[in-house]
Amino acid sequence: MASDVVDAPVVDATAVPRPRIRVQNAVKSFSGRVVVDVDDLVLGDRPIEGLIGPNGAGKTTLMRMIMHSTPLDRGTITLVPPGGREVVLSDLPAYALAHRGVVKSNQVIMDFPKLTIWDSTLLSVTEARYERPARIFSEQTVFKRHEEEIRHYLDYFGFDDPDGFALSAGEKKLLDIVRCLLLKPTFLLLDEPTAGLPDELTEKVMEVIRELGAAGTSVVIVEHDLNVIWGLCDEVHFMAEGKVVLRGDPQSIREHHTVVESYLGEGHV
Amino acid sequence: MPIEWLDAFLITGLFNVAMVTGLALLLHLQLGLARIANFGVVGFWGTGMYTFGVLYVQVDWPFGDPWQFLVCAAAATLVAGLAGLLIGWLIADLDIDGVLVVTLGFATAVQILATTQDDITGGARGMGGLGFPFDIGTVKENEFLWLVILAAVVAAILFYVWRVHRSPYGRSLIAVGGNEPLARSLGKSTLRTKLWLFAVTSAAMGLLGAMYGVMIRFLDVGQIGVGVTLAAMVGLVLGGTARVWGAVVGVVLTAGVFDIVIQSYLPLPREWYTQAIPVLREAVFGATLIVVLLFRPLGILGDMQRDRLMRKLHGE
């Protein structure tokens, strides 16, 4: 499984203009072991794409490289907005990616321990000009501007006590996703978004992702719950040993002998 | 002005308590919200004090007070703010050990510079020639008025800090202190936040230093020792690093007890005040810090209560 051969059918998806991310010659090693080595990969051709592969394949590291959470050893990562100028994401500071619409949810639980759920969502939507030291009277302005959209998501996902803190792992995971949604991403990367969530909430998350994809946001999901991948994605990338070795529609990837042999097992198909 | 009931020791003691409260409030923004442990508070305070003193005494201004004071104090505030910008930039990506070393190093550098550049600072001999920007009568009356002005400045700092807790800026500081990578992923320039924080708080520390210089009217390098940082740090930690009123409660219980109760009201032998009390003060402050961190790390007032505050702010 050493080449980047694409032998599953590639779906033509140029109909809807949407942002793409191009990863070129991107390499990352840890302690001499190459974890990611991608020659040329375009993400975002289709509204919702999945990234699957065995543990250690490099999926999360690739996502982190795109977001600057993990620095590249070499290579470039470029955002290609529809009809706009290309932006080399790997030249931007990490915080600037969200300003370009590139947002990622986290695989491990990440939260602000001293901020309530409302706090956390307000933080996400607050523009930089309101966060300057002199703007000590702008809380109500920010709250009024964004109350409706925040309340929409908090109600939709049914947080127990939005004025309090996110307590359970599931609530923190959900809050992480809500923070990302409030940033109005044009390119959303989701790293195991439904891990630890009950079925009902998983379905709600999937529904929101579908709506985003239909509205023009490019979504890439890393997920071990393959029902989410098969049920949601328009295209699937299969990674192994740091490389993307296959891409195609969910059905063809699901049945591909390489995927079955190295990842799914015979009983899954 | 009928202030016979006040003795000079009490005015000095109250001035010290108000000033340390101001420093502790500013430190609260750095340590309590953004979780940056600045051990060089005295460096910024001393920068303000000496910048003010040098400009006030050494420069031949074409105008007198109060303009001379205002110009020199503004310059001292600006220089301390720029020092804060520099130090903030240096520590932006450092862990807590690195922050400790850089901030302590900065405070030491300020003290060494004030000592060695004796042609402009007076060095170990000290520098006189400072005075109040007004003259309303006796020294005691002038000192009292200066105490009232300082109290107004500290009250303004308290109000600012109180408002910061209720603003998006305060929320961004708490976010930076709680999870910086997550804040960055949400589009927050955490470097800019830290630089603004250090510039503004250091500038205010510098202003307090300049005002202290006016009060004592004679600068010497012994005044910019670690004791100032220790007093602000101990007061804040004892009261509660995360609470607005933590700085006030803590400083009243520490500097208030030593600089007012012991200095003014306890019938102690006179010779103790020059040698034993200052040493005892620092020893007790240090011990208090250890005890509080061991047994009540969140201080007397405990942790911040964002849930209650958010309910109050947004009416749930």
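Every chain is numbered from 1 and lettered A, B, ... according to where its sequence line falls, protein lines coming before strand lines.
For A/Asn106, the part lying near chain B is the side chain, with the backbone staying farther off; criterion is any non-hydrogen pair under 4.5 Å. Looking at B/Arg192, only its side chain comes within 4.5 Å of chain A, counting heavy atoms on both sides. For A/Ala96, no part lies near chain B; criterion is any non-hydrogen pair under 4.5 Å. Contacts of A/Leu123 with chain B are made by both backbone and side-chain atoms, with heavy-atom separations under 4.5 Å.
Using a 4.5 Å heavy-atom cut-off against chain B, no residue of residues 60-69 of chain A qualifies as contacting. Close approach to chain B, defined as a heavy atom under 4.5 Å from one of its heavy atoms, is seen in A/Tyr130, A/Glu131, A/Arg132, A/Pro133, A/Arg135, A/Ile136, A/Phe137, A/Ser138, A/Glu139, A/Gln140, A/Val142, A/Phe143 of residues 127-143 of chain A, taken by number. Listed in order of number, the residues of residues 74-82 of chain A that approach chain B to under 4.5 Å between heavy atoms amount to none.
Contact check on A/Glu86 versus A/Arg22 returns no salt bridge, with no Lys/Arg side-chain nitrogen under 4.0 Å from an Asp/Glu carboxylate oxygen. Look at B/Lys312 and B/Asp307 and you find no salt bridge, because none of the NZ, NE, NH1 or NH2 atoms lies under 4.0 Å from a carboxylate O. Between B/Glu180 and B/Lys194 a salt bridge is recorded (basic side-chain N to carboxylate O distance below 4.0 Å).
Side-chain atoms of B/Thr254 come within 3.5 Å of backbone N or O of B/Gly250 as a donor-acceptor pair.
The greatest number of non-hydrogen atom pairs below 4.5 Å with chain B, out of A/Leu122, A/Leu97, A/Val102, is found for A/Leu122. In terms of heavy-atom pairs under 4.5 angstrom with chain A, the leader among B/Ile174, B/Leu191, B/Leu197, B/Val200 is B/Ile174. By number of non-hydrogen pairs under 4.5 angstrom with chain A, the leading residue of B/Leu182, B/Asn179, B/Leu173 is B/Leu182. Heavy-atom pairs under 4.5 Å with chain A peak, among B/Pro181, B/Ala183, B/Gly170, at B/Ala183.
Contact annotation: the side chain of B/Phe106 never approaches that of B/Leu90 to less than 4.5 Å [non-hydrogen atoms, C-beta and beyond].
Checked against A/Glu147 for a side-chain hydrogen bond (donor to acceptor under 3.5 Å, both in side chains), the options A/Lys144, A/Arg145, A/Arg151 give a single hit: A/Arg151.
Enclosure of atom CZ in B/Arg163 by more than 12 non-hydrogen atoms of other residues, nucleotides or ligands within 6.0 angstrom is indicated. Crowding of B/Ile96 atom CD1: a count of heavy atoms from other residues, nucleotides or ligands under 6.0 Å not exceeding 12. The environment of CG in B/Asp303 is crowded: more than 12 heavy-atom neighbours from other residues, nucleotides or ligands sit within 6.0 Å.
The cationic group of B/Arg166 lies under 6.0 Å from the six-membered ring centre of B/Trp162 and within 45° of the ring axis, placing it in a cation-pi geometry.
Ring pair A/Phe157/A/Phe159 is perpendicular by interplanar angle, where above 60° counts as perpendicular and below 30° as parallel.
B/Arg184 and B/Thr190 share a donor-acceptor pair across their side chains, judged by distance under 3.5 Å alone.
For the atom pair CE (B/Met304) and CZ (B/Arg243), the distance works out to 9.0 Å, reported to the nearest 0.5 Å. Rounding to the nearest 0.5 Å gives a distance of 8.0 Å between OG1 of B/Thr103 and CD1 of B/Ile87.
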Stepwise side-chain hydrogen bond (donor to acceptor under 3.5 Å, both in side chains) test for A/Arg179 and A/Ser120: CA-CA 7 Å; A/Arg179 279 192 299 254; A/Ser120 209; 2.7 Å; yes

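Remark: aromatic rings of B/His28 and B/His165 are close, center separation under 6.0 Å.
Residues satisfying the ring pair (Phe, Tyr, Trp, His ring centres under 6.0 Å) test with A/His237, not counting sequence neighbours, are none.
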